[in-house]
Structures are given as C-alpha cells and as structure tokens.
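Encoded as structure tokens, the structure appears first; notes follow it.
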Amino acid sequence: MNLSAATLPTLPASIHGPAYDRTAHAPGVVHLGLGAFHRAHQAMVFDQLLSAGDMRWGIHGVGMTRPDLVNQLKAQDGLYAVRVADGQGVKWQVPGALWRTSVATTERDAVVAAIAAPTTRWVTLTVTEKGYTPELAGLLLDGLRLRQQGSLPGITVASCDNLQGNGHKLQALLKAAANPHDEAVVRWMDAHCAFPCSMVDRIVPAATPEIMAAAHAALGVQDDCALSTEAFWEWVIEDRFADPADGALLQSAGVRVTADVHSYEEAKLRMLNGSHTAMALMGAVTGRPFIASCIGTPHIRSFVERLMGREVAPHLSRSDWADYRDALIQRFGNPYLKHSVHQIATDSSQKIPQRWPPSVLGQMASGASYEHHALAAAVFVRYTLGVDENGQAYALNDPQAESLKALGAAQRTQAQACVKALLAREDLWGASLPQHAAWTGRVVHWHQQILQHGVDAAIQKLLEQEA
C-alpha cells in the first residue's frame with residue numbers, strides 16, 4: 001500500500017504527520033516549480049503554520065513540465081515523507097501542506113485560475129535560474145490580470161531561486177513581458193502586489209531508490225515521493241508583503257524577515273553555491289559520485305576551506321561568515337545526504353556567472369590571489385570533455401551543452417586555444433574577466449596541470465603553492 005490520506009493513520013507514532021484537516025479549505029499559496037527542494041523547504045514551513053491553526057497556507061503545487069512527479073504526488077493525496085538527518089540523528093516527517101497539484105504545460109488554464117483564486121494570497125517560485133522566461137512572465141501576468149479585473153486583493157509573489165535580487169528580477173521580468181494593453185494590470189501590480197527578495201538554503205538531494213526503501217522501512221507503506229534532507233534550513237525574506245502581518249507569522253515558523261537580504265544571498269551564492277559547483281565539477285571529473293565523497297577527501301576539503309575563507313569571504317557583508325563556512329563544511333560531509341555531483345553540476349553555465357566572477361574581481365581589485373577560482377575554472381573547462389579521468393562518459397546537463405562540448409572537444413589537441421575560447425564568453429564570465437590576460441593565464445596554467453597530472457595532483461600543488 002502507498003502513503004495516502006487513507007494510510008496516514010496507520011503510520012508509526014514516531015512519524016510526525018499533519019493533524020489538521022486538509023480538505024476543508026482552499027489553498028492560499030500557489031507554488032511554481034514542484035521539485036524536491038520546495039517540498040523539503042517552504043512546504044515544511046507552511047506545514048508548521050497550518051499545524052499552528054492558520055489554514056491559509058495550503059499549497060496548490062505546480063510542476064512546470066513534469067507530469068510524472070505530479071501524478072505520483074496526486075496518487076498519494078499530496079503526501080510524502082521527508083527524512084531529516086544529520087550527525088545528531090534521524091527523524092521522519094510527513095508534511096501535509098500540498099493540497100492540490102497541476103502541470104503548467106498541460107493545465108495552464110488551471111494554474112492561471114489558481115493564481116486568480118480569491119483564497120490565493122501568495123505565489124512562490126523555485127523554477128531554477130533558467131526558468132525566468134517570457135513564458136513564466138506570461139503565466140503570472142495572466143493570473144494577476146484576472147485578479148485585477150475581479151477587484152481581488154494583491155498578493156505576495158516570492159521568488160525562492162538562487163538569483164541575487166530575485167524579487168526585483170521577477171518583477172522586472174513581468175514588466176518587460178507586458179504589452180501596451182497591460183498598462184492597467186501593471187499599475188495595479190505595482191500598487192497592490194509585493195515582490196520580496198529572498199534567500200533559501202537547505203541541501204535536498206534528488207530522490208533515489210535508497211531513500212524510498214528507507215521510507216518504506218520507516219513508514220510501513222510505500223512512498224514513491226520520499227525525500228531526504230539535512231536538519232539545517234534557512235529562509236531569509238525581505239520585509240515586503242502584500243499583507244504586512246505575514247512577516248510576524250513567518251518569523252514564528254523560523255523564517256528570518258529582514259530589510260537586508262542581500263548580505264545573506266551573496267554569502268550563500270558565493271560560499272555555498274560557489275563551492276558546491278567547484279566540488280561538483282571536481283567530483284564529476286575524478287569519478288567521485290557525491291559531495292560527501294569530495295569534502296571527505298582531505299585536499300578537496302582544504303581547497304574548499306581556502307576558497308571560501310581567502311577568496312570569497314573578504315568581499316562579503318555577512319559578518320558571521322566564518323561560522324557559516326564551518327557549518328557548510330559540516331553540512332557538505334553529512335553522510336545521509338548522497339548529493340550527486342552530476343545533479344549539482346547541472347546548468348553550470350547558468351550558475352557560474354553569479355557564483356565565481358564577483359569574488360575573482362574582488363580579489364583583483366585588492367591585489368589578492370584568485371588561484372583557487374582559476375583552478376576551479378580550469379576544472380570546468382576539463383568537465384566539458386564529458387568523460388572522467390577513469391574513462392567513464394557522462395552527460396552535460398546544461399542549456400549550453402552543445403556549444404560547451406564543441407569548444408571543450410579541442411582541449412586535448414589545442415588546450416590553450418580551447419581555454420581562451422571558453423574564457424572569452426561573456427555569458428559565462430561577464431564583461432570584465434575576459435579582458436584580464438593574467439586571469440586567462442592562470443586558468444591556462446591550471447588546465448595544463450589537470451590534463452598532465454589530474455585534478456587531485458593539481459589541487460595538491462595549489463595547496464603547497466598557497467600554503
């Protein structure tokens with residue numbers, strides 16, 4: 001038997017599940033991007049608010065393209081188990097905040113109607129960096145237009161993706177997509193809706209057969225949607241809401257509400273996400289399958305500590321960066337989180353521009369070393385070969401996969417030209433870095449070391465050089 005509303009009462013007493021009525025109210029939140037991260041992060045925050053008796057936080061979850069996941073969740077009445085595990089122990093939880101589901105590509109009208117529903121108060125998004133498209137803007141505009149035409153209240157539209165200034169970017173995207181006939185809805189949106197910036201942080205690996213087997217053992221029923229995550233989570237959101245009272249409510253559930261999201265989001269993007277990308281590429285090229293396999297290797301751990309402490313931290317405004325760095329090292333090593341390096345390396349061309357260049361440029365401006373980032377960039381070039389150091393092929397799951405592989409294919413015979421061609425791309429490195437000959441020279445140097453001696457030897461040489 002599968003986990004469902006019918007089997008919920010049969011779960012062991014140790015499994016925390018929803019005690020509230022999931023059928024008596026309409027959802028108050030529409031979430032776009034119904035992946036693992038949302039279900040183990042915001043959905044669990046909203047579950048807390050529902051458990052406290054505020055029934056306005058049920059979710060209408062929208063899969064943007066994946067009917068398979070939506071169908072699995074629908075078959076389980078929106079229920080799924082989450083294993084929360086760290087060095088202190090393991091616990092299982094079944095959040096109940098997901099009440100309805102749709103697929104944007106096949107049920108667009110239903111999604112627009114959900115955004116325009118009188119009970120909807122919030123729209124949240126985890127569509128990834130590449131998901132901020134004119135199609136997304138059109139979907140949101142159509143829903144907001146119906147709200148405006150129906151004289152309904154404005155709503156909070158909260159981006160929860162790894163984009164700096166994500167609320168501003170989302171609002172600007174909608175305005176850019178609006179046509180001349182949308183003048184009234186844009187005025188209404190500006191006056192009545194809120195687009196807060198936010199930073200979200202929790203490591204949530206993609207679901208695996210292993211976690212489903214563990215869920216079955218813990219719950220006594222089958223769960224095709226089970227997830228694993230860490231105990232740590234953080235949600236920092238700008239104090240900007242359509243209903244100002246929402247700030248205090250979110251704080252009661254552990255969310256940090258502040259006027260200064262920027263210092264948290266830049267620390268996360270450059271420290272956590274920046275080092276994650278570096279480790280993922282190293283793991284992919286050396287054949288290490290998981291982030292824990294990488295950080296558990298002493299020279300990679302030392303590299304990551306130095307990358308964050310020496311080249312990233314000097315340019316952050318988050319004052320507790322040293323504690324944050326140390327916590328990250330511990331989190332990366334969580335043995336329960338089998339976080340695939342290939343999952344994290346997905347869409348690297350979309351992620352690197354935000355994660356690495358700001359720190360490199362900061363180091364250049366202060367006359368300091370950027371060798372760790374140069375080596376990481378060289379590993380990225382090597383990664384575009386699509387085969388690891390053991391001869392195993394892997395796919396580049398990236399919107400730029402074809403152009404990256406075409407450029408990367410030449411690196412065995414024309415290594416220097418290949419590196420220079422990749423480093424010349426402003427879509428990857430911004431407008432400034434491609435003009436720095438010294439940066440290009442150091443990446444070329446480390447790329448040669450990697451091709452001749454391997455990634456591990458190159459890292460160890462860097463650690464000796466920068467001791």
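Here, residue 1 is the first one in the sequence, and each next residue gets the next number.
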Distance-only donor-acceptor check, side chains [X] and [Y], under 3.5 Å:
X	Y	result
Lys351	Asn273	no
Asn166	Tyr132	no
Arg425	Ser403	yes
Glu311	His373	yes
Arg256	Gln251	no
Asp398	Ser348	no
Gln148	His192	no

Within the 6.0 Å centroid threshold, strictly below: Tyr394 and His342: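 That pair passes the under 6.0 Å test.
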For the ring pair His31 and Phe46, is the centre-to-centre distance below 6.0 Å?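 Centroid distance His31-Phe46: not below 6.0 Å, so no.
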Under-4.0 Å salt bridge between [X] and [Y]:
X	Y	answer
Asp201	Arg331	yes
Arg22	Asp77	no
Arg145	Asp142	yes

Does the ring of [Y] carry [X] above it, NZ/CZ under 6.0 angstrom from centre and within 45° of its axis?
X	Y	answer
Arg121	Trp57	yes
Arg240	Phe195	no
Arg318	Tyr324	yes

Flag, side chain of Thr124 to backbone of Ala158, donor-acceptor distance under 3.5 Å: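 Side chain of Thr124 to backbone of Ala158: no pair is present.
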Looking at Gln76 and Asp224, would you say the former's side chain and the latter's main chain have a donor-acceptor pair under 3.5 Å? yes
With sequence neighbours left out, what residues match Arg355 under salt bridge (charged side-chain N to carboxylate O under 4.0 Å, His left out)?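 Here the qualifying residues are Glu129.
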